[in-house]
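This report concerns only the one structure given below.
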Amino acid sequence: MSASMSTLTITPGAQRTLKNHVTIAQTLRNSLSMAGRGLIKIRRTPEQLIDVTVQPIIFTLMFTYIFGGAIAGSVADYLPLLIPGILVQTVITTSVVTGVQLREDMDKGVFDRFKSLPIARIAPLAGALLADTVRYAIATTLTFVMGFIMGYRPGGGLGAVVVAGLLVIACSWAISWIFAFFGVIARSAASVQGISFLVLFPLTFLSNAFVPVDTLPPVLQWFVNVNPVSHLVTAVRDLANTATFTSDAWISLLGAAIIVAIFAPLTVRAYMKKA
Amino acid sequence: MTYSSDWAVEAHGLVKVFGDNRAVDGVDLSVRTGTVYGVLGPNGAGKTTTIRMLATLLKPDGGEATVFGHDIRREPQIVRQLIGVTGQYASVDETLSATENLVLFSRLNGLSRADARRKSTELLEEFGLTEAAKRPLKKFSGGMRRRLDLAASLISQPPLIFLDEPTTGLDPRTRAQMWDTIRRLVSTGSTVLLTTQYLDEADQLADRIAVIDRGIVVAEGTAGELKASVGSASLLLRLADPAALERARHAVLDVLGVEAMLTPEAGRITAPMSDPDSITDLLIRLRADGIAVEELAVQQPTLDEVFLALTGHTAGDDEPSGGATGAENPTPASGTTPELETTR
């Protein structure tokens with residue numbers, strides 16, 4: 001602590017120009033700064049990436065060889081159906097971790113500082129969620145790579161596969177707002193996981209991710225067909241296998257937008273209340 | 001709303017209720033711009049809650065407060081542009097390095113990438129953290145963490161800084177360094193509102209002090225006014241031969257004219273001391289009586305005594321584990337020991 005502080009002079013409070021609102025540009029800037037923090041954290045704690053590396057490998061192997069013969073007759077026939085399904089399921093499951101980590105993060109003192117800064121209230125949350133898209137990207141890449149190793153050759157070509165991957169990442173980011181909301185309102189990280197899986201399992205398994213819809217009883221068929229996850233799975237299949245951007249893709253994006261529109265404000269409000 | 005630049009903080013009747021606990025129960029504070037204001041009180045008195053409300057981290061359940069004339073409820077974003085907050089537990093990111101922390105907070109304060117780098121380097125140097133800049137924070141000592149925390153609060157050069165127990169848990173040397181830093185801060189024109197459990201800290205730093213207990217301000221004034229209301233220091237003697245205690249008590253009664261308190265097991269004798277000059281007389285008398293003194297200390301009023309005087313109960317009353325016993329059982333350390341030990 002040298003004496004150089006005396007070179008600073010403080011501008012008195014009364015002589016500052018101040019505003020009580022945050023612009024959209026500032027909100028974006030703040031969120032990106034917070035995302036930068038998230039990326040540094042991911043780099044510092046690589047062990048937190050175990051789930052996104054191991055899960056795609058194990059799930060892809062497991063589901064392919066368990067269900068392949070029973071559902072599609074052969075593994076090779078099942079892969080074009082399964083890989084998009086497993087991709088969506090894996091990445092959405094990964095987004096639960098976002099809520100859990102947010103809960104742990106929020107209990108730390110640094111969130112007090114974030115709250116005391118004149119930044120957009122949403123920035124610490126949006127930044128954390130944005131940084132986690134890196135995790136989704138890793139899971140997406142590994143799932144496609146595993147599929148490729150097992151013999152999956154997407155008919156749509158590389159470009160379409162990349163678009164499909166981006167679609168999944170975007171939708172998972174939207175869905176992660178649901179888990180972020182649980183993260184903010186829950187008392188502990190463990191309970192976040194508990195509630196989140198209650199939402200996650202029906203959402204991912206009651207979809208067309210693993211089985212053809214027409215094998216299901218009528219009530220389930222109805223739910224599977226309205227489930228946004230089904231639309232996302234169909235959109236990814238169409239993109240990866242035939243390189244077509246179908247109405248299912250648009251429905252998925254619309255669903256994602258609706259989720260963000262509902263859960264982002266809810267989450268921010270709960271976050272601000274929670275002090 | 002009246003605009004005022006004379007007052008950095010004006011709070012009237014602030015209330016915060018947690019369940020059925022009225023943590024802050026009608027606190028009034030007026031902090032003049034450019035001064036250091038100390039909020040003194042034991043754990044659980046409502047100090048931190050008060051600061052958190054003023055710093056817009058917590059919504060008050062009642063009352064009004066302004067920071068440089070800006071209402072904390074209606075204009076929170078403006079208030080945040082005027083304050084820096086350093087919490088009781090360092091509010092920096094553990095997984096980031098010191099530099100990364102300061103760059104992040106600089107960016108969030110609106111500095112460009114280049115300016116953020118420059119500012120961080122500058123602050124690290126100023127707070128003696130340059131060598132540790134790239135080290136992970138997990139390896140930082142408590143003092144280093146606190147310094148980094150304070151540095152982070154100064155990025156925007158806020159005219160008002162909240163320091164919540166800035167030296168709790170620090171060793172004496174680091175505490176003295178922290179005090180120096182706070183003094184320099186004030187010399188640059190900053191207003192400081194600090195909370196503390198230590199009477200001497202408030203004494204050393206604060207222009208005015210509010211004593212807070214169970215959510216209300218029980219006394220307010222300068223350090224001098226406060227001490228005068230509390231009473232005098234006490235003299236503490238430890239005798240080489242505990243058997244001489246009774247004779248020593250007589251000597252104290254004769255010379256100082258006051259009744260002393262004995263702790264026979266420790267061979268210790270404590271007496272209120274109003275006139276430091278008379279100590280010489282007492283020591284001469286003890287020598288003449290052949291009573292050998294092993295240790296001599298002057299004890300400033302402890303926070304517990306301040307509390308006893310102001311509220312009629314000791315600061316530790318609320319704590320079932322009974323951590324605070326400073327008043328009944330003062331520790332004869334070298335010099336003054338005006339600390340209050342309370343359980344957390």
Chain B contact via A:Phe111 - which portion, at a heavy-atom distance below 4.5 Å
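Contact with chain B: none, neither part.
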Tell me, side chain or backbone of A:Ile40 under 4.5 Å from chain B's heavy atoms, or both, or neither?
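Side chain of A:Ile40 only, per the 4.5 Å heavy-atom cut-off to chain B.
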Between [X] and [Y], what is the shortest heavy-atom contact and its length?
X        : Y        : value
A:Gly109 : B:Ser91  : O-CB, 3.0 Å
A:Pro118 : B:Gln77  : C-NE2, 3.2 Å
B:Leu57  : A:Ser116 : CD2-N, 3.6 Å
A:Ser33  : B:Leu104 : O-CD1, 3.5 Å

Within the structure provided, determine whether [X] and [Y] are in side-chain contact (heavy-atom separation under 4.5 Å).
X        : Y        : result
A:Asn30  : B:Arg107 : no
B:Val92  : A:Val110 : no
B:Asp93  : A:Lys108 : no
B:Phe105 : A:Ile119 : no

List in chain and number order the residues that pass side-chain contact (heavy atoms from CB on, under 4.5 Å) with A:Ala126, two or more places apart in sequence or in another chain; answer none if no residue qualifies.
A:Ser31, A:Ile122, A:Trp177
Separation between [atom1] of [X] and [atom2] of [Y], rounded to the nearest 0.5 Å:
X       : Y       : atom1 : atom2 : result
B:Asp71 : A:Asn20 : CG    : CG    : 10.0 Å
A:Lys19 : B:Gln81 : NZ    : CD    : 6.0 Å
B:Thr95 : A:Arg43 : OG1   : CZ    : 11.0 Å

Could you tell me whether A:Glu47 atom CD has more than 12 heavy atoms of other residues or ligands within 6.0 Å of it?
yes
Below 4.0 angstrom, N of the basic side chain to O of the carboxylate: do B:Glu94 and A:Arg44 qualify?
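Result for this pair is no, no salt bridge flagged.
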Going by the rule salt bridge (charged side-chain N to carboxylate O under 4.0 Å, His left out), which residues pair with A:Arg113 if we only count those two or more places apart in sequence or in a different chain?
B:Asp149
Would the distance check show the side chain of A:Asp112 and the main-chain N or O of B:Val85 forming a donor-acceptor pair, the cut-off being under 3.5 Å?
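Side chain of A:Asp112 to backbone of B:Val85, a donor-acceptor pair under 3.5 Å: no, none is there.
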Determine the option with the most heavy-atom pairs under 4.5 angstrom with chain A, choosing from B:Gly84, B:Pro136, B:Ala152.
B:Ala152
